[in-house]
Amino acid sequence: YYVMNNISTNNIYKSFKHNEEDMLVLEDINISINHGDKVAITGESGAGKSTLLQILAGLDSPSNGIIKFGNQEANLLSSIEKSNLRLHSFGFVYQFHHLLEDLTVFENILLPQELMPSYKYKDASKKVNDLLGQLGLQSRANFLPWKLSGGEKQRVAIARAIINNPQFLFLDEPTGNLDIKNANLVQDLIIQIADEYKVALILSTHDNSFAQRMDKIYKISNRNIIEV
């Protein structure tokens with residue numbers, strides 16, 4: 001059940017209610033992403049990039065159409081099954097780091113491991129320390145988030161996203177808040193981790209140079225999606 005090697009959508013529509021009217025945001029979206037793919041989703045602000053990311057991650061439901069995780073239809077999964085799927089198979093990095101401010105760097109990264117049924121502190125803490133080393137954060141392990149720079153916070157967020165060895169990593173403007181130097185550093189790390197951990201990247205971004213580093217680039221335009 002947890003070996004998830006594909007996410008696909010079949011004729012996805014998404015609309016939101018606004019002043020009693022249905023506003024269509026996504027229309028007839030067909031996309032298939034395999035384990036190991038690197039995919040960018042681009043488009044203007046408000047085009048629906050984040051909405052599509054949320055649907056692909058099972059955090060939001062389409063108004064119409066089918067999304068499949070592997071061979072399972074998302075609408076047939078219970079909310080607990082979806083949560084389990086996200087815990088085991090998906091990692092998330094947003095534009096804002098969403099670290100818990102009263103936990104140290106080490107504790108923030110450990111958290112997803114603590115939710116795993118097979119959790120053992122000794123094994124999990126070794127994984128955290130290995131990641132801290134890989135991301136150049138050993139000296140920050142016992143810091144609270146407020147003591148970190150913006151680039152360091154995003155590196156911690158990446159570590160937390162991959163600690164459970166997901167098959168898919170969802171990235172919503174992950175370097176949108178960073179200066180060019182830190183943005184480049186974080187982008188390099190994301191690519192390096194994707195290759196090393198064989199994790200698929202699903203990236204929503206305005207940053208054309210980051211998008212170009214993916215294998216496939218899709219653009220949302222007029223509610224539809226095209227490969228560019």
Notebook entry, point to check: Which pairs with one or both residues in residues 137-147 pass side-chain hydrogen bond (donor to acceptor under 3.5 Å, both in side chains), sequence neighbours excluded?
Noted result: R140-E152
Next item on the list: Write out all pairs satisfying side-chain hydrogen bond (donor to acceptor under 3.5 Å, both in side chains) with one or both partners inside residues 123-135, taking only residues at least two apart or from two chains.
Entry: K126-D130, K127-N165, Q134-E196, Q134-Y197
Margin query: Cation-pi check for Y218 against K216: NZ or CZ below 6.0 Å from the six-membered ring centre and within 45 degrees of the axis, yes or no?
Written below: no
Item checked: Residues N6 and S32: side-chain donor-acceptor under 3.5 angstrom -> yes
Next item on the list: Kindly write out the residues that satisfy side chain to side chain donor-acceptor pair (under 3.5 Å) with S50, not counting sequence neighbours, or none if the list is empty.
Entry: D172
Item checked: Residues which pass side chain to side chain contact (heavy atoms under 4.5 Å, CB included) with D188, listed by chain and number, not counting sequence neighbours -> R213
Item checked: hydrophobic_cluster_shared for L144 and L137, side chain cutoff 4.5 Å -> no
Notebook entry, point to check: With D179, which residues qualify under side chain to side chain donor-acceptor pair (under 3.5 Å), at least two apart?
Noted result: N182
Checklist line | With S209 via side chain to side chain donor-acceptor pair (under 3.5 Å) - residues at least two apart | finding: D207
Check: Would L53 and L59 show up in the same hydrophobic cluster when neighbours are defined by side-chain heavy atoms closer than 4.5 Å?
Finding: yes
Check: So, the side chain of T104 versus the backbone of F143: is there a donor-acceptor pair under 3.5 Å, distance only?
Finding: no
Next item on the list: Please name the pair of heavy atoms, one in L85 and one in L77, separated by the smallest distance, quoted to 0.1 Å.
Entry: CD2-CD1, 4.4 Å
Check: Under 4.5 Å between any side-chain heavy atoms of Q72 and E81, yes or no?
Finding: no
Next item on the list: May I ask you to check whether over 12 heavy atoms, not counting those of I180, lie within 6.0 Å of atom CD1?
Entry: no
Notebook entry, point to check: Taking side chain as C-beta onward, heavy atoms only, is I217 less than 4.5 Å from Q212?
Noted result: yes
Next item on the list: Check whether any side-chain heavy atom of I193 sits under 4.5 Å from a side-chain heavy atom of I158, and report yes or no.
Entry: yes
Margin query: Applying ring pair (Phe, Tyr, Trp, His ring centres under 6.0 Å), can you list everything that pairs with F210, at least two apart in sequence or on another chain?
Written below: none
Checklist line | For the student: nearest non-hydrogen atoms of L99 and V156, plus distance | finding: CD2-CG1, 3.7 Å
Margin query: When you compare the side chain of Q167 with that of H88, does any pair of heavy atoms fall below 4.5 Å?
Written below: no
Under 3.5 Å donor-acceptor pairs involving side-chain atoms of residues 19-27, not counting sequence neighbours:
residue, atom, partner, partner atom, Å
D22, OD1, K17, NZ, 3.0
E27, OE1, R223, NE, 3.1

Notebook entry, point to check: Does the side chain of M214 come within less than 4.5 Å of I191's, by heavy atoms?
Noted result: yes
Notebook entry, point to check: Looking only at heavy atoms, what is the nearest atom pair of L110 and A124, with distance?
Noted result: CD1-CB, 3.6 Å
Item checked: Shortest non-hydrogen contact from I163 toward I109 -> CG2-O, 3.5 Å
Item checked: Residue pairs passing the side-chain hydrogen bond (donor to acceptor under 3.5 Å, both in side chains) test where at least one lies in residues 111-120, sequence neighbours excluded -> Q113-N164
Check: Got N34 and N5 here, is their nearest side-chain heavy-atom distance under 4.5 Å?
Finding: no
Item checked: Verdict with reasoning, D215 to V39, per side chain to side chain contact (heavy atoms under 4.5 Å, CB included) -> CA-CA 6 Å; D215 305 326; V39 171; over 6 Å; no
Checklist line | Partner set under side chain to side chain contact (heavy atoms under 4.5 Å, CB included) for A200, not counting sequence neighbours | finding: F168
Check: With a 4.5 Å heavy-atom cut-off, do V93 and Q154 have their side chains touching?
Finding: yes
Note to self: Side-chain heavy atoms under 4.5 Å apart, restricted to Ile/Leu/Val/Met/Phe/Trp/Tyr: what other residues fall into the cluster of L115, or is it alone?
What the structure shows: L87, M116
Notebook entry, point to check: Mind checking whether D195 and K38 have side chains closer than 4.5 Å, heavy atoms only?
Noted result: yes
Check: Who pairs with T9 by side chain to side chain contact (heavy atoms under 4.5 Å, CB included), at least two apart in sequence or on another chain?
Finding: I12, I29, I31, L56, I67
Next item on the list: Kindly give the heavy-atom pair with the smallest separation between F69 and A57, and that separation in Å.
Entry: CZ-C, 4.2 Å
